[in-house]
Amino acid sequence: MAQETPALFLSQVERFYPQADAPLEVLRKADFALWPGEVVALVAPSGTGKSTLLHVAGLLEKPDGGEVFVGGLATTKLDDKGRTRLRRTEIGFVYQFHHLLPEFTALENVVLPQRIRGLDRDVAEERAAELLSFLGLGQRLDHLPGELSGGEQQRVAIGRAVANGPRLLLADEPTGNLDPQTAQHVFGTLIALARASGLAALIATHNLDLARKMDRQVTIREGLVVPLA
């Protein structure tokens, strides 16, 4: 593993927000490496910087110091177009709420990001169908989100997130809106997908049972990313 390039590497990352009296320092020279095929749980209480870390790692926010490497590429000096291009091709996002387009079928929701990237429709539809079948939704391709269960909707969201073959998946409480049994199923499909594709995943969760099933667990303490005790 030491000879591989990390899918994500945060080096001495700092992030703070202005306040009336003094800046609020959320990340303080934080270091973190995530390797291809590795699934890591981020377990941190609200207010400790969990979302900030995901936003910085996903190039949605620029750090105030340090560097963010995606697949070995330094990103902090990229312009907005470069960051958008990298997010589109290298990073997938899954949130607690699926945010599927309600007027599009499951298949069309997964086709869309590929079409935005420039893939031909036939190629995009074939890949979308393969992904959704892998996620156990092969019989639900033509269903609208409103016709799917919560767990099915979230699996479509996972398929959409990885449709462009990113090297990195960032998920913020992806099973937080699901009942425990459905959460286990959705999480299992996500893990299987990462294992099968070499995808690296950082998954924020409050569910310790799910966190323990990942390769390792980290938290944020005093602005640093550290192993969960």
For atom [atom1] of [X], is the number of surrounding heavy atoms from other residues, nucleotides or ligands below 6.0 Å larger than 12?
| X | atom1 | result |
| --- | --- | --- |
| Glu103 | CD | yes |
| Arg85 | CZ | no |
| Gln139 | CD | no |
| Asp80 | CG | no |

Practice task
List for me each residue that meets ring-ring contact (aromatic ring centres under 6.0 Å, His included) alongside Phe16, sequence neighbours excluded, and say none if there are none.
Solution key: none
Carboxylate-amine/guanidinium contact [X] [Y], below 4.0 Å:
| X | Y | value |
| --- | --- | --- |
| Arg15 | Glu25 | no |
| Glu14 | Arg28 | no |
| Arg115 | Asp120 | no |

Measure the shortest side-chain to side-chain distance between [X] and [Y] over non-hydrogen atoms and say whether it is less than 4.5 angstrom.
| X | Y | answer |
| --- | --- | --- |
| Thr219 | Leu42 | no |
| Pro166 | Thr89 | no |
| Val218 | Val226 | no |
| Arg140 | Val156 | no |
| Thr5 | Phe69 | no |
| Leu144 | Glu147 | yes |
| Thr105 | Val111 | no |
| Pro6 | Leu34 | no |

Handout entry: Verdict with supporting geometry, Leu54 and Thr52, side chain to side chain contact (heavy atoms under 4.5 Å, CB included)
Key = CA-CA 5 Å; Leu54 290 173; Thr52 296; over 6 Å; no
Are [X] and [Y] connected, step by step, through hydrophobic side chains (Ile, Leu, Val, Met, Phe, Trp, Tyr) whose heavy atoms are closer than 4.5 Å?
| X | Y | answer |
| --- | --- | --- |
| Ile191 | Leu137 | yes |
| Leu100 | Leu169 | yes |
| Val56 | Leu73 | yes |
| Met214 | Val162 | yes |
| Leu53 | Leu59 | yes |

Do any N or O atoms from the side chain of [X] and from the backbone of [Y] form a donor-acceptor pair under 3.5 angstrom?
| X | Y | value |
| --- | --- | --- |
| Asp215 | Glu38 | no |
| Asp172 | Ala204 | no |
| Arg83 | Leu78 | no |
| Gln153 | Gly150 | no |

Gap separating the [atom1] atom of [X] from the [atom2] atom of [Y], nearest 0.5 angstrom:
| X | Y | atom1 | atom2 | result |
| --- | --- | --- | --- | --- |
| Phe187 | Thr205 | CZ | OG1 | 8.0 Å |
| Arg87 | Thr84 | CZ | OG1 | 4.0 Å |
| Leu168 | Leu202 | CG | CG | 7.5 Å |
| Thr189 | Gln154 | OG1 | CD | 9.5 Å |
| Ser51 | Ile220 | OG | CD1 | 8.5 Å |
| Gln184 | Leu178 | CD | CG | 11.5 Å |

What closest approach, in Å, do [X] and [Y] show between heavy atoms, and which atom pair accounts for it?
| X | Y | value |
| --- | --- | --- |
| Glu67 | Thr75 | OE2-N, 3.1 Å |
| Ala33 | Phe9 | CB-CD1, 3.9 Å |
| Gln114 | Ala124 | NE2-O, 3.1 Å |
| Leu107 | Ala128 | CD1-CB, 3.6 Å |
| Asn164 | Pro113 | ND2-O, 3.2 Å |
| Pro63 | Val13 | CB-CG1, 3.9 Å |

Practice task
Just do the side chain to side chain contact (heavy atoms under 4.5 Å, CB included) check on Gln217 and Val40 with the steps written out, would you?
Solution key: CA-CA 6 Å; Gln217 302 81 37; Val40 174; over 6 Å; no
Practice task
Could you pull out all residues at least two apart from Arg167 that satisfy salt bridge (charged side-chain N to carboxylate O under 4.0 Å, His left out)?
Solution key: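 Arg167 satisfies salt bridge (charged side-chain N to carboxylate O under 4.0 Å, His left out) with Glu90 once adjacent residues are dropped.
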Exercise for the section: Determine, step by step, whether Leu10 and Asp31 satisfy the side chain to side chain contact (heavy atoms under 4.5 Å, CB included) criterion, reporting the C-alpha distance in whole Å, the side-chain angles of both residues, the deciding distance to 0.1 Å, and the verdict. Expected result: CA-CA 5 Å; Leu10 308 184; Asp31 293 325; 6.0 Å; no
Handout entry: Working for side chain to side chain contact (heavy atoms under 4.5 Å, CB included), residues Phe134 and Leu132
Key = CA-CA 5 Å; Phe134 183 91; Leu132 291 171; over 6 Å; no
Handout entry: Plane angle bin for Tyr95 and His99 - parallel if under 30°, tilted between 30 and 60°, otherwise perpendicular
Key =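 Perpendicular: the ring planes of His99 and Tyr95 meet at over 60°.
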Exercise for the section: Start with the C-alpha distance between Asp122 and Arg127, add both sets of side-chain angles, then the distance that settles salt bridge (charged side-chain N to carboxylate O under 4.0 Å, His left out), and finish with yes or no. Expected result: CA-CA 9 Å; Asp122 289 347; Arg127 175 163 174 77; over 6 Å; no
